[in-house]
Amino acid sequence: MHLSPSTLSIQDRYKLLIGAIVPRPIAFVSTISPAGKLNLAPFSFFAGVGSNPMTLLFCPANTPAGEEKDTLRNAKPLAEGGTGEFVVNIVTESIAQQMALCAEPLPYGESEFDLAHLTPAPSHIVKPPRVTQCPVAFECITKQVIRTNPGQPAGGNIVLGEVVHIHLDEGIVNDKLHTDYTKLTAIGRMGGLSYCKTNDRFELPMGRG
Ligand SMILES: Cc1cc2nc3c(=O)[nH]c(=O)nc-3n(C[C@H](O)[C@H](O)[C@H](O)COP(=O)(O)O)c2cc1C
């Protein structure tokens, strides 16, 4: 089968992206509004970008009305009316249901921390708190937002952030900073409403090894 995106509905393009690009890690992004209200939402269009400086990205799409999601409103740079900061928290099996609940589109300014009974903990450098229940958190300063179709439904937005502080629960990494995946229990998102666990792994040498 061959398909051209120009003949597909927005929903079908989305279905193919999330069905084929799997598994996707989940950035559980905490932000704070200019008025000081907390926000928390999951984003699986999420990736590391580079280590010098330590940089990551996530992609909050526009709403069906073409508006910015609350996370983007908050995380965009000061010059664009946001607070220019966010925290990426890593989602584990134990909070999967609470994470999914935080995809509820609450009115701007209402906190998903309260909705999902998750506990904010003060960050070290940025204003948005991290999620206490998440064993890893990256505090980020927003460097840039790239908008692929501003003001249009489902238009993409890439939020690039520089990591300025890393939180790791005790025992998640060893003294060489290698991660213990049995302790991390990270989950990933598949298509539709499916998720995967990370407890089925194998190792391979790189290149000719
Ligand atoms: C596991 C998961 C992954 C998601 N990934 C994305 C994503 O990458 N981009 C996006 O725009 N929405 C994504 N969503 C939907 C948002 O979480 C949802 O629109 C949320 O209400 C946005 O919150 P906000 O308006 O407070 O920013 C995802 C939802 C779930 C449950």
Side-chain angles (χ1 to χ4, degrees), residues 10-11 13-49 56-77 80-116 118 120 128-131 133-134 138 140 142 145-161 185-198:
I10 289 175
Q11 287 78 6
R13 291 178 210 154
Y14 173 72
K15 212 184 293 170
L16 291 171
L17 280 177
I18 71 162
I21 304 174
V22 290
R24 294 185 308 287
I26 302 170
F28 206 12
V29 180
S30 40
T31 54
I32 193 163
S33 73
K37 303 285 188 190
L38 300 187
N39 196 86
L40 180 63
F43 295 91
S44 64
F45 286 19
F46 160 49
V49 173
L56 52 75
L57 67 77
F58 71 97
C59 303
N62 292 339
T63 67
E67 289 164 353
E68 294 178 345
K69 292 188 179 179
D70 296 349
T71 301
L72 178 56
R73 279 178 77 171
N74 293 345
K76 63 189 176 184
E80 296 174 26
T83 58
E85 297 178 336
F86 62 94
V87 180
V88 167
N89 302 273
I90 299 302
V91 178
T92 61
E93 289 174 30
S94 58
I95 60 153
Q97 283 184 339
Q98 287 158 292
M99 174 279 298
L101 183 58
C102 289
E104 181 72 19
L106 293 181
Y108 187 60
E110 277 186 32
S111 172
E112 292 82 3
F113 275 100
D114 297 338
L115 177 75
L118 290 165
R130 67 180 174 87
V131 178
Q133 287 83 354
C134 294
F138 296 106
C140 297
T142 307
V145 177
I146 299 166
R147 295 172 170 81
T148 65
N149 203 359
Q152 294 305 308
N157 304 287
I158 304 168
V159 180
L160 275 169
T185 64
I187 57 167
R189 190 175 179 200
M190 308 291 286
L193 300 176
S194 296
Y195 293 87
C196 62
K197 297 179 179 178
T198 50

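It should be emphasised that the depicted structure is a prediction, and the values quoted were computed from it without experimental measurement. Whatever order the structure lists ligands and atoms in, that order sets their numbers, starting from 1. Numbers here simply count residues along the sequence, with the first being 1.
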Counting N and O atoms only, with roles assigned by atom type, does the side chain of Asn62 sit under 3.5 Å from a partner on the main chain of Asn149, one being a donor and the other an acceptor? yes
Check each atom of ligand 1 against the heavy atoms of Ala61 and keep those under 4.0 Å away; list them by number with element. 10 (C), 11 (O)
Looking only at heavy atoms, is any part of Asp70 under 4.0 Å from ligand 1, and if so is it the side chain, the backbone, or both, or is it neither? both
Provide the number and element of each atom of ligand 1 under 4.0 Å from a heavy atom of Glu112. 26 (O)
If you define the side chain from C-beta out and look only at heavy atoms, does anything of Asn39 sit under 4.5 Å from Tyr108? no
Is there a nitrogen or oxygen of Ile26 sitting under 3.5 Å from a nitrogen or oxygen of ligand 1? no
Step by step, work out the side-chain contact (heavy atoms from CB on, under 4.5 Å) result for Phe46 and Val29. CA-CA 10 Å; Phe46 160 49; Val29 180; over 6 Å; no
So which heavy atom in the protein is nearest atom 7 (C) of ligand 1, and how far is it from that ligand atom? Phe43 CD2, 3.6 Å
Backbone or side chain, does any N or O of Ala103 fall under 3.5 Å from an N or O of ligand 1? yes
Identify the protein heavy atom lying closest to atom 23 (O) of ligand 1, giving its residue, its atom name and the separation to 0.1 Å. Ala41 CB, 3.2 Å
Where the side chain of Thr198 meets the backbone of Ala186, is there a donor-acceptor pair that is under 3.5 Å apart? yes
Please compare Phe45, Tyr195, Tyr108, Phe28 and report which has the shortest non-hydrogen distance to atom 8 (O) of ligand 1. Phe45
Closest approach of any protein heavy atom to atom 9 (N) of ligand 1, naming residue and atom: Cys59 O, 2.9 Å
Between the main-chain N or O of Gly156 and the side-chain N or O of Thr148, is there a donor-acceptor pair closer than 3.5 Å? yes
Side chain Asn89, main chain Arg130, donor-acceptor under 3.5 Å: no
Give the residue and atom name of whichever protein heavy atom lies nearest to atom 5 (N) of ligand 1, and the separation in Å to one decimal. Ser44 N, 2.9 Å
Which of the atoms of ligand 1 are close to Pro60, meaning less than 4.0 Å from one of its heavy atoms? 11 (O)
Side chain, backbone, both or neither: which part of Phe46 comes within less than 4.0 Å of ligand 1 when only heavy atoms are counted? neither
Can you sort out which atoms of ligand 1 are near Asn39, meaning under 4.0 Å from one of its heavy atoms? 24 (P), 26 (O), 27 (O)
List ligand 1 atoms under 4.0 Å from Thr71, heavy atoms only on the residue side. 24 (P), 26 (O), 27 (O)
From the options Asp70, Asn74, Thr71, select the one residue that forms a side chain to side chain donor-acceptor pair (under 3.5 Å) with Thr31. Asn74
Among all the protein's non-hydrogen atoms, which is closest to atom 15 (C) of ligand 1, and how far away is it? Lys69 NZ, 3.9 Å
Under 4.0 Å from one or more heavy atoms of Met99, ligand 1 contributes atoms 1 (C)
When you measure from the side chain of Arg189 to the backbone of Pro25, do you find a donor-acceptor pair of N or O atoms at a distance under 3.5 Å? no
Closest protein heavy atom (residue, atom, distance) for atom 14 (N) of ligand 1: Pro42 O, 3.4 Å
Would you find a donor on one side and an acceptor on the other, under 3.5 Å apart, between the side chain of Ser30 and the backbone of Pro129? yes
Under-4.0 Å heavy-atom contact with ligand 1, by part of Glu104 that carries it: backbone
